[in-house]
Protein chains: 2
Amino acid sequence: MMELTRKGEYAIRGIIYLARQTPGKMALISEIAEATEVPQTFLAKIFQNFAKLGLVNSYRGTGGGFMLGRPASRITLREVVEAVEGPIIPNRCLMGGSACDFDSHCNVHPVWRRVQSEVVRILESVTIEELARETK
Amino acid sequence: MMELTRKGEYAIRGIIYLARQTPGKMALISEIAEATEVPQTFLAKIFQNFAKLGLVNSYRGTGGGFMLGRPASRITLREVVEAVEGPIIPNRCLMGGSACDFDSHCNVHPVWRRVQSEVVRILESVTIEELARETK
DNA sequence: CACCTTTAGGACCTGTTTTGTCTTTTATAA
DNA sequence: TTATAAAAGACAAAACAGGTCCTAAAGGTG
């Protein structure tokens, strides 16, 4: 349960790689893919997504590539994870719209809410800058 | 991300139903399935699993059925969830055995460990007895 | 302009997991 | 010995994961 998919794992690896580049330097998707050992076309999709959300900037043509859309210190792990995995929702019933019929007479929902907010809190407290720092 | 499957949802509904029975009373799988609006054969598998783990006791033949294997106050939500969903592991890399290559130079792992222990802590702190209490 | 580079976008594909159903077997009580 | 109930296993549709491949579009460069 609660497992990160490969996509999520790849997304994190990729953006950490970007964060480690010297500021202003552009990285090619082929380069990132090779360095992080992720299938290139798959990683490309992930980064397209990042670009749409403004997490990274993309540039086409010769000399193009990707760079962070903001300082790594202002990108949280939560943003990265949710960008590719969708919102952190431990139970469908927590989603808006047609709540489940059991909502009223069910005490489990508050528990899932707690799980949700705790996980969000943790992931929110971690920035890509921290993750990109070299471990000695 | 982090979503409980239907199986997990069904499992919780089912065991809560059992916990609400008057002590010593047996409940048929057909009865539980109908009350909780879960496909009967699917719920049967879930309860077979519960029985193996001792969460419930099962009895065959006339007058048979299911009852809790322990007082509801001594069954945690964690046990129920893990019984059907497997261990709570936010990232494959947290699993034993062949750790991922990136383990050494990756700062993300401690974060997943924190997520894991927080979620486990929350689910562990909730008993089926609490969940089964009637909400007014 | 023509051409090369690089990302964007869409179609497609394969294997696994989810979410079941159906049938047969085994245990038990009356 | 028969009716009742759970146990067990085989099967299957649908959704999802984890990709691949091909074409389009945008941006430099000679």
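Any value given below was found using the heavy atoms of this structure, including those in side chains, with hydrogens, waters and symmetry copies removed.
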Interatomic distance where CZ belongs to A:Arg6 and P belongs to C:dT16 [whole Å]: 12 Å
Backbone of A:Met67 reached by a side-chain donor or acceptor of A:Gln21 within 3.5 Å: no
Short side-chain N/O contact to D:dA7 OP1/OP2 from B:Ser58, under 4.0 Å: yes
Selected nucleotide, minimal atom distance to B:Lys45 side chain, candidates D:dG9, C:dG10, D:dT20: D:dG9
Integer-rounded Å distance: D:dA6 P and B:Met67 CE: 14 Å
Side chain A:Glu129, main chain A:Pro71, donor-acceptor under 3.5 Å: no
N or O in side chain of B:Thr5 less than 4.0 angstrom from C:dT18 OP1/OP2: no
Interatomic distance where CG belongs to B:Leu4 and C1' belongs to C:dT19 [whole Å]: 14 Å
Nearest-Å distance for atom pair CG/C1', residues B:Leu43 and C:dT19: 13 Å
Check: B:Asn49 side chain, B:Val84 main-chain N or O, donor-acceptor pair, under 3.5 Å: no
Nearest listed nucleotide, side chain of B:Arg60, among C:dT28, C:dT18, C:dC22: C:dT28
Donor/acceptor link under 3.5 angstrom from A:Lys52 side chain onto base of C:dG9: no
Audit row: B:Arg6, B:Glu9, salt bridge (Lys or Arg N to Asp or Glu O under 4.0 Å) steps and yes/no: CA-CA 5 Å; B:Arg6 262 173 228 281; B:Glu9 170 73 22; over 6 Å; no
Sugar-phosphate only, base, or nothing, as touched by B:Phe47 at under 4.0 Å among non-hydrogen atoms: nothing
5'-most by nearest nucleotide on DNA chain C - A:Thr62 or A:Ala51: A:Thr62
Among C:dG10, C:dT19, D:dA7, the nucleotide that comes nearest once only the side chain of B:Lys7 is considered: C:dT19
Whole angstrom value for the distance that separates P of C:dG9 from CD of A:Gln48: 6 Å
Selection from C:dT19, D:dA6, D:dA7 that lies nearest to any side-chain heavy atom of B:Phe42: C:dT19
Nucleotide D:dA6, atom P - distance to CE of B:Met26 in whole Å: 9 Å
Rounded distance (Å) that lies between atom P of D:dA17 and atom CD of A:Glu9: 15 Å
Expected output: side-chain A:Arg78 to main-chain A:Val120 donor-acceptor under 3.5 Å: no
5′-ward residue of the pair A:Tyr10/B:Ser30 relative to DNA chain D: B:Ser30
Rounded interatomic separation in angstrom, taking CD from B:Glu37 and P from C:dG20: 13 Å
